[in-house]
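Here it is, the structure, as structure tokens.
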2 protein chains.
Amino acid sequence: MPRNRRPRDREEKRAEIVAAARRLFVERGYEAVSVARIAGAAEVVSNTVYWYFQDKDAVLIAVLDEVLADSLDRFDAVARADLVDRLVWVVDELEQVSRLVSTVHARSKESAAVREWHDRFHLLAEGMFRIELAELGLSDADLDAVIAMGVFVIEGLLMHSPGAADKRAVLSALVRGIRGLAVTAP
Amino acid sequence: MPRNRRPRDREEKRAEIVAAARRLFVERGYEAVSVARIAGAAEVVSNTVYWYFQDKDAVLIAVLDEVLADSLDRFDAVARADLVDRLVWVVDELEQVSRLVSTVHARSKESAAVREWHDRFHLLAEGMFRIELAELGLSDADLDAVIAMGVFVIEGLLMHSPGAADKRAVLSALVRGIRGLAVTAP
DNA sequence: ACCTGAACACCGTTCAAGT
DNA sequence: ACCTGAACACCGTTCAAGT
């Protein structure tokens, strides 16, 4: 007999809680979902959640990690597409979790752990943008400004969810605006 | 004796509650401030708030109206400045209430009344942007896209509060990008 | 190590009762 | 009309107790 009986149980139960929380957070939003409801969906009692997680924000962070990992896994599929198409893809992908976008911003003001996750996510997003734009030959100052603009525009699109045509028009204007800056750089 | 003794009491008490809520929401954030605390600061008991307001979101909307009115009042002061300067001014002005920006987005998902306020605010902001940009001679499709971009960039700056230099760099890149679009319009 | 029953302090909100 | 005391159902979280 193995020394640790069913050694995968811990991870399994934890994963069940995260899966339940993910579905509920995406469907109804973080504030609207109580810890008791998450626990119920994972077939435990509410205080059991605190055996696996420090608090409700820690559950949120586990959900965010899972959602982000899933999206990054799928990113390869469009790696070779046109820049505008890739941006549309990113927004479409993240739009499924648009509730989480405003949740992250709201919780970042209250929870240091969520703020850390948010800051790391921005670094990741900015790094990806930087790679995309490196070849355009922008000045250093403009490059930073344009990366920030790109992130803000994507966040705005996620939070306000316009129709597909408007979304593409905004991203196209963004990219053309950036290309214009590269041409007229001092 | 007047039929209504002290006829201004109602508005006074209401105004006191809004003033207390405004200070607390700006300092500590909507979620972190309980109705009981607002009531305490306005020297009433917590259920008295519900005599003047339908619910906590209604208090938030009254605060938002007050903050917005104050900002619009001050807007004349910069009406003649350069476009980038005006945008910097708007962001600086709204930055004092940056906590409220993410609150509005978070509550818009839960409360129909807050969502209505948010949508009206966007119409106002978009209208002001449209006037600013009318003279640039953008195509209709680009004008809408550029207005959305402008609003998203301002919201992003408010939510992430970068330093003054970064802020100006982003707004400058935005305006130059937009001007570039006008030049190369089809 | 893992899970629970019971409790804690607090939340937004309601309502009958007072003036 | 205006305000309150008391209560309601619920919240995130803690802890001693069980296995």
Side-chain angles (χ1 to χ4, degrees), chain A residues 1-22 24-25 28-63 103-104 106-114, chain B residues 1-21 24-25 28-63 103 106-114:
Chain A
M1 284 286 276
R3 248 174 305 197
N4 291 325
R5 208 165 54 91
R6 306 202 59 198
R8 276 210 240 111
D9 263 16
R10 169 154 239 268
E11 285 311 312
E12 274 171 24
K13 199 86 230 171
R14 203 192 123 102
E16 268 175 54
I17 293 172
V18 174
R22 175 177 181 169
L24 290 166
F25 286 168
R28 297 170 206 269
Y30 178 85
E31 303 283 355
V33 173
S34 69
V35 173
R37 208 165 188 320
I38 298 167
E43 293 180 306
V44 288
V45 111
S46 75
N47 43 1
T48 298
V49 172
Y50 291 86
W51 175 258
Y52 292 94
F53 299 92
Q54 210 198 324
D55 53 26
K56 196 184 173 188
D57 285 311
V59 180
L60 173 63
I61 289 169
V63 168
T103 297
V104 167
R107 293 307 304 162
S108 285
K109 301 253 152 92
E110 320 291 331
S111 153
V114 176
Chain B
M1 285 287 276
R3 246 173 309 197
N4 291 326
R5 207 167 52 93
R6 306 202 56 196
R8 274 210 241 112
D9 264 15
R10 169 155 240 270
E11 284 311 313
E12 274 171 23
K13 199 85 230 171
R14 203 192 123 102
E16 268 175 54
I17 293 170
V18 174
L24 290 165
F25 286 168
R28 298 169 205 270
Y30 179 84
E31 304 283 357
V33 173
S34 70
V35 173
R37 207 164 189 319
I38 298 166
E43 292 179 308
V44 288
V45 110
S46 74
N47 43 359
T48 298
V49 172
Y50 291 86
W51 176 257
Y52 292 95
F53 300 93
Q54 210 198 325
D55 52 25
K56 196 185 174 187
D57 286 312
V59 180
L60 173 62
I61 289 168
V63 167
T103 297
R107 294 305 306 162
S108 285
K109 302 253 151 90
E110 321 291 330
S111 154
V114 176

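Below, chain A is the first sequence line, B the second, and so on; all start at residue 1. Since this is a predicted model, take the numbers as computed values, not measurements.
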### Message
If you assign each of A:Ala32 and A:Gln54 to its closest nucleotide in DNA chain D, which residue comes earlier from the 5' end?
### Response
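With A:Ala32 and A:Gln54 compared, the 5'-side residue is A:Ala32.
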### Task
Grab the CH2-P distance between A:Trp51 and D:dG12 for me, whole Å please.
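These atoms are roughly 21 Å apart.
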#### Entry: Gap separating the CG atom of A:Leu24 from the CZ atom of A:Arg37, nearest 0.5 angstrom
5.5 Å
### Task
Measure from CD on B:Glu43 to P on D:dC2 and round the result to the nearest Å.
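Distance, rounded to whole Å: 19 Å.
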### Sugar-phosphate, base or nothing in reach of A:Thr48, heavy atoms under 4.0 Å
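Base contact - A:Thr48 has a heavy atom under 4.0 Å of at least one base atom.
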### Task
Go ahead and name the base partner of D:dC8; Watson-Crick or wobble counts if both distances stay under 3.5 Å, otherwise write none.
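Partner of D:dC8: C:dG12.
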### Query
For D:dT19, which nucleotide in any strand shown is its Watson-Crick or wobble partner with both distances under 3.5 Å?
C:dA1
### Reported NZ-to-CH2 distance for the pair B:Lys13 and B:Trp51, which is rounded to 0.5 angstrom
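It is 15.0 Å, given to the nearest 0.5 Å.
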### Message
Counting the atoms with a prime plus P, OP1 and OP2 as sugar-phosphate, which does B:Val33 contact under 4.0 Å by heavy atoms, base, sugar-phosphate, or nothing?
### Response
sugar-phosphate
### Task
Calculate the interatomic distance between B:Phe53 atom CZ and D:dC2 atom C1'; express it in whole Å.
14 Å
### Message
Expressed as a whole number of angstroms, how long is the span from B:Asp55:CG to C:dG12:C1'?
### Response
9 Å
### Task
Calculate the interatomic distance between A:Lys13 atom NZ and C:dT4 atom P; express it in whole Å.
8 Å
### Task
Check the distance between C:dC2's P and A:Glu11's CD and give it to me in whole angstrom.
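Atom CD in A:Glu11 sits about 10 Å away from atom P in C:dC2.
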### Query
Over how many whole Å does the gap from B:Arg14 atom CZ to D:dC2 atom P extend?
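Distance check: B:Arg14 CZ to D:dC2 P gives 12 Å.
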### Query
How long is the span from the CZ atom in B:Phe25 to the NZ atom in B:Lys56, to the nearest 0.5 Å?
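So the gap between those two atoms works out to 5.5 Å.
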### Query
What is the distance from OH of B:Tyr50 to P of D:dA7, rounded to the nearest Å?
19 Å
### Query
Considering residues, nucleotides and ligands other than B:Glu43, do more than 12 of their heavy atoms fall under 6.0 Å from its CD?
no
### Query
Considering only side-chain heavy atoms of A:Val44, which listed nucleotide, C:dT4, C:dC11, D:dC11, is closest?
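Closest nucleotide among those given: C:dT4.
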#### Entry: Distance (rounded to the nearest 0.5 Å) between B:Asp55 CG and B:Ile61 CD1
8.0 Å
